[in-house]
Structure formats: C-alpha cells, structure tokens
Amino acid sequence: MKASFRPLLASGTLLLSLISQAHAPARTVLKAGTLVVLETTTLLSSRDAQTGQTVGLRVKYDVMVSGRAVIKAGASGSAQVTSAEQRKGMGKEGSLAIKPTVVQAVDGQMVPLTGSGNTSAGNDTKGAAIGLAVVVSPLFLLKKGKDATIPAGYEMQASVASETTIE
C-alpha cells in the first residue's frame, strides 16, 4: 500500500508547488529613465511658496512595464520648491520653480524621480512702471509685478531616477 500513495504524494507536492508559485508576488524591474507624467494637486503661488517646501503631486497616467501597472494613475507623489521669489516694486514679477522628487509605486515604496522641473513667472510690468514714472509721476515706481502661479492640474514630466524592483 505504501507504493500506491507515492504517486498521490508526488502529485500533491507538485500541486502545492504550483499554488505557491501562482501566489508569489510578481517582481517587475522599473528601469531608470522611465517616463512618469504627473500633475499638481493644488494652486501654487510665489506669494505663499518657500524654497525647500514640499508640494503634492499625483500621477496622471499608469506607468506600465511588461503589461503590468507598476505606478497607478492617481498615485501620490511630491515635488520640492527649488525657488520662490515674490513680486517686487518697479513692476518686477515673481518667479516659482518646482522639481518632482518621488512617487508611490503599487507596492507602497517611494520611487525617486529626476527631472528638470517646471518654472513659472508672473507678468513683468517693469518697463511700463518706469515709463509712466518718467512721464506722469514717480509713484508709478511703486507698481508691483504679478505673482507667479502654477495651477492645480498642471502637467509635468519626470523620469525614474534609479532602477527599482517593484513587488
């Protein structure tokens, strides 16, 4: 009787092996340089922003590798304000620049990003202020330029900074 159980035991072991392989997490390598399209989640303004501040982003489209979404649309990410300058007198406009830093993959890990970032500048009214001051009154030198803004939903691109294994 012992011999009759051996084929059954072998087939049971094979079945358990196949089940464990089916439930093993799939690993996917996300290569450095892979494009990630992001968008801002709130209005950003040079009036309020400070250099070094972290701002929220979200992924606009799924990032697919070999038919698997490794970063889902709507996943959270962040950017850092690399420069923020408020508007000034004599019509000088404000400026604001942000650079994407990380995004969350489907396994929960934060994937580092690289990219040139995005810059916005307000309207420069310096020439008009100086011209009006010369012709009409020196009070026009107090005229301020506009704050730089980046609207909510503003689309930007970044790249994966280093090869990352996604579970």
Q: Mind checking side-chain hydrogen bond (donor to acceptor under 3.5 Å, both in side chains) for Thr34 and listing every partner two or more places apart, or none if nothing turns up?
A: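 Scan of Thr34 (side-chain hydrogen bond (donor to acceptor under 3.5 Å, both in side chains), adjacent residues dropped) gives none.
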
**Q.** Counterpart residues, side-chain hydrogen bond (donor to acceptor under 3.5 Å, both in side chains), relative to Gln109 (two or more places apart)
**A.**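 Result, side-chain hydrogen bond (donor to acceptor under 3.5 Å, both in side chains) vs Gln109: Asp107.
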
Got a sec, which residues hit side chain to side chain contact (heavy atoms under 4.5 Å, CB included) with [X], two or more places apart in sequence or on another chain?
X      : answer
Val102 : Ser78, Met110
Leu35  : Val37, Gln157
Ala158 : Leu38, Pro100, Leu113
Ala32  : none

Mind checking the [atom1]-[atom2] spacing from [X] to [Y]? Nearest 0.5 Å is all I need.
X      : Y      : atom1 : atom2 : value
Ile150 : Met156 : CD1   : CE    : 6.0 Å
Lys31  : Thr164 : NZ    : OG1   : 11.5 Å
Thr82  : Leu96  : OG1   : CG    : 8.0 Å

Atom of [X], atom of [Y] and distance for their closest heavy-atom approach:
X      : Y      : result
Ser95  : Ser46  : O-CB, 3.5 Å
Thr41  : Gly56  : OG1-O, 3.2 Å
Val111 : Ala105 : CG2-CB, 3.9 Å
Ala49  : Ala84  : O-CB, 3.5 Å

Q | side chain to side chain donor-acceptor pair (under 3.5 Å) contacts touching residues 54-74 (sequence neighbours left out) | A |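 Non-adjacent pairs meeting side chain to side chain donor-acceptor pair (under 3.5 Å): Thr28-Arg68, Glu39-Arg58, Lys60-Glu155.
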
Q) Below 4.5 Å, heavy atoms only, C-beta onward: do Val65 and Val29 meet side chain to side chain? A)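 Not touching, per the 4.5 Å side-chain cut-off.
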
Q) Heavy atoms, side chains only, cut-off 4.5 Å: are Val103 and Leu57 in contact? A)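 SC-SC contact between Val103 and Leu57 ruled out.
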
Q | Of Gln53, Lys99, Gln50, the residue whose pairing with Val81 passes side-chain contact (heavy atoms from CB on, under 4.5 Å) | A |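 Answer to the side-chain contact (heavy atoms from CB on, under 4.5 Å) test with Val81 among Gln53, Lys99, Gln50: Gln53.
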
(Q) For a side-chain contact (heavy atoms from CB on, under 4.5 Å) check, start with the C-alpha distance between Val55 and Thr40, then their side-chain angles and the critical distance, and finish with the verdict. (A) CA-CA 8 Å; Val55 295; Thr40 54; over 6 Å; no

(Q) Enumerate the salt bridge (charged side-chain N to carboxylate O under 4.0 Å, His left out) contacts for residues 45-54, please, sequence neighbours excluded, ordered by first and then second residue. (A)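 For residues 45-54, and leaving out neighbouring residues, the salt bridge (charged side-chain N to carboxylate O under 4.0 Å, His left out) pairs sorted by first residue read Arg47-Asp147.
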
**Q.** Worked check of side-chain contact (heavy atoms from CB on, under 4.5 Å) between Ile166 and Ile71
**A.** CA-CA 9 Å; Ile166 309 296; Ile71 301 173; 5.8 Å; no

